[in-house]
Amino acid sequence: MQRISSLFCAAALALSGSAMADDFKVVTTIKPLNLIVSELVQGAATSDAILPPGASPHDYALRPSDVKKLNDADLVIWVGPQLETFLTKLMATNPNSFALTKQAGIHFLNYGEKGSDDHSDHAGHGHDDHGDHASHDGHDDHGDHASHDGHDDHGDHADHDGHDDHGDHAGHEGHDDHGDHADHDGHDEHAGHHHHHHSGLDPHFWMGPKQTIEAANVITEALIKHDPLHKTVYLANLSTFTSEVNQAVSELNAEIKPLSNKGYFVFHDGYGYFEHQFGLNNLGHFTVEPDRKPGAKTLIAIRESLKDKQAYCVFSEPQFSPAVVDSVTKGTEVNIGTLDPMATNVQVGKGGYVRFIKELGQSFTKCLK
């Protein structure tokens, strides 16, 4: 009898191990994206990011362990070549690659683009109905709508007229040759204004709740296409996620709108989606990309603005040295704050994305009040 019991336990463990090995595995790149995906796959699949918390995609180099993780994944969800240039070649031959900038259904902004003011009032932009859009009985077949096999060719929607050419612009391998582009006197002349810098698609969509909900719908469609057995779980997760984000947007509107006339400078040009959503008054940035030093003319122009008391706050980022911010603000009365676009200290799990945008909102309000 004991032998039969032991055999039964061994068989159960083997089945359990097999089930775990067969779990649908999703791999993402940056932590903010993993915050979103982990909530959408909860109870149905696993999700893991390859970049360590706080790491910037602008200067990341893949490790052999990252390559293995990417190759073993059932689905690789990344923002796109405009952000993770280090993935472009590897993902070109990966059949499970899912680049968000190549999908229809997400309203990406271009750098310097003015968002419409009504964004702040409806983060879901009709995507509550869109919660069903992920399921839309059409969407069972429409699982394809998620990755729309056409969408992969469909690079044109997301790449916005050749933004794939901009793929290199994000990491701008050319920028290394371009050392002086960091200075780029043409850019520096307009240092105080956020509409002067690089052009093309802005990949930092996770800063905007509206676009994040759109991305959540697109991702859910892809999950259902690749893992249809868990369709009900994925749709329930999407519905919960959408409701919680919209609730957070309502709360943030009440806190942030009174500060919309107060100007500030950010370390790098990466907060456009959040600023458009909540109507904030960005006066400019130190650098177009955080791994490139700001030019001398930029720093002089910002310092002049601070002396004229045009700005209430200057924001640095934990991923990069605040020394340049300290030197520019020295001797002024301007507040210094920190914005963390990479959600370094936000715990992954239920409510993670909402915690991230609330912390971002609190960083703005604390510095601008």
Side-chain angles (χ1 to χ4, degrees), residues 19-49 69-70 72-80 94-106 123-152 154 158 205-206 209-248 347-357:
M20 285 177 67
D22 289 343
D23 273 353
F24 189 78
K25 293 189 289 288
V26 181
V27 170
T28 62
T29 50
I30 55 173
K31 186 176 179 183
L33 179 55
N34 200 44
L35 288 176
I36 299 162
V37 174
S38 66
E39 295 198 59
L40 298 176
V41 302
Q42 206 162 39
T46 61
S47 171
D48 195 16
K69 194 181 287 187
L70 290 161
D72 291 346
D74 295 301
L75 186 62
V76 177
I77 301 174
W78 54 306
V79 177
N94 188 321
N96 298 320
S97 166
F98 192 72
L100 294 175
T101 57
K102 293 193 175 187
Q103 312 308 315
I106 305 172
H125 195 57
H127 282 87
D128 270 350
D129 325 67
H130 223 89
D132 315 312
H133 181 63
S135 67
H136 245 346
D137 292 347
H139 278 87
D140 253 347
D141 345 299
H142 233 111
D144 338 51
H145 180 66
S147 68
H148 232 345
D149 292 345
H151 283 166
D152 271 0
H154 227 91
F205 80 90
W206 66 91
K210 172 186 181 292
Q211 284 79 8
T212 295
I213 288 175
E214 292 172 347
N217 277 274
V218 167
I219 291 167
T220 298
E221 291 171 359
L223 290 168
I224 291 169
K225 178 185 176 182
H226 287 83
D227 184 26
L229 289 176
H230 291 106
K231 173 182 174 179
T232 304
V233 179
Y234 292 135
L235 291 175
N237 289 344
L238 174 64
S239 177
T240 300
F241 180 80
T242 302
S243 298
E244 290 177 354
V245 174
N246 278 325
Q247 176 61 35
Q347 188 173 351
V348 176
K350 186 166 173 53
Y353 178 74
V354 164
R355 285 192 294 276
F356 165 63
I357 57 167

Closest heavy-atom pair and its distance - Ala99, Gly80: CB-CA, 4.2 Å

Contact summary for Asn237 and Leu40, nearest pair of heavy atoms: ND2-O, 3.0 Å

Exercise: do Asp23 and Thr46 side chains pair donor with acceptor under 3.5 Å: no

Nearest heavy-atom pair of Gln42 and Val233: which atoms, and what distance? O-CG1, 3.4 Å

Quick one: does Trp206's side chain get under 4.5 Å of Leu33's, heavy atoms only? no

Go through the structure and list residues passing side chain to side chain contact (heavy atoms under 4.5 Å, CB included) with Thr232, not counting sequence neighbours. none

Heavy-atom side-chain contact between Lys350 and Glu244 under 4.5 Å: yes

CD1 of Ile219 to CD1 of Ile224, rounded to nearest 0.5 Å, is 12.0 Å

Are Val218 and Phe98 side-chain neighbours, meaning at least one heavy-atom pair lies under 4.5 Å? yes

From CG (Leu100) to CD (Gln211), nearest 0.5 Å: 12.0 Å

Taken to the nearest 0.5 Å, the spacing of Asn217 CG from Leu238 CG works out to 4.5 Å

Below 4.5 Å, heavy atoms only, C-beta onward: do Tyr353 and Pro32 meet side chain to side chain? no

Shortest non-hydrogen separation from His226 to Phe24 and the atoms involved: CB-CZ, 3.5 Å

Side-chain heavy atoms of Asn246 within contact of Ile213, under 4.5 Å: yes

Side-chain donor or acceptor of Ser239 paired with backbone N/O of Ala236 under 3.5 Å: no

Check whether any side-chain heavy atom of Lys231 lies under 4.5 Å from a side-chain heavy atom of Leu223, and answer yes or no. no

Salt bridge (Lys or Arg N to Asp or Glu O under 4.0 Å) with Asp72: which residues, sequence neighbours excluded? Lys68

Parallel, tilted or perpendicular: rings of Tyr234 and His230 (30°, 60°): perpendicular

Quick check: do Thr220 and Leu235 have side-chain heavy atoms less than 4.5 Å from each other? yes

Do Lys31 and Val348 make a side-chain contact, defined as non-hydrogen atoms from C-beta onward lying under 4.5 Å apart? yes

dist Asp48:CG -> Ser38:OG (nearest 0.5 Å) comes out at 10.5 Å

Between Lys210 and Glu214, is there a side-chain N and carboxylate O pair less than 4.0 Å apart? yes

Sequence neighbours excluded, the answer for side chain to side chain contact (heavy atoms under 4.5 Å, CB included) partners of Gln347 is Arg355

Derivation and outcome, side-chain hydrogen bond (donor to acceptor under 3.5 Å, both in side chains), residues Trp78 and Ser97: CA-CA 8 Å; Trp78 54 306; Ser97 166; 2.9 Å; yes

What's the shortest heavy-atom distance between Asn96 and Ala73, and which atoms? ND2-O, 3.3 Å

Between Asp74 (side chain) and Lys25 (backbone), is there a donor-acceptor pair under 3.5 Å? yes

Which heavy atom of Ala248 sits nearest to which heavy atom of Val354, and what is that distance? CB-CG1, 3.9 Å

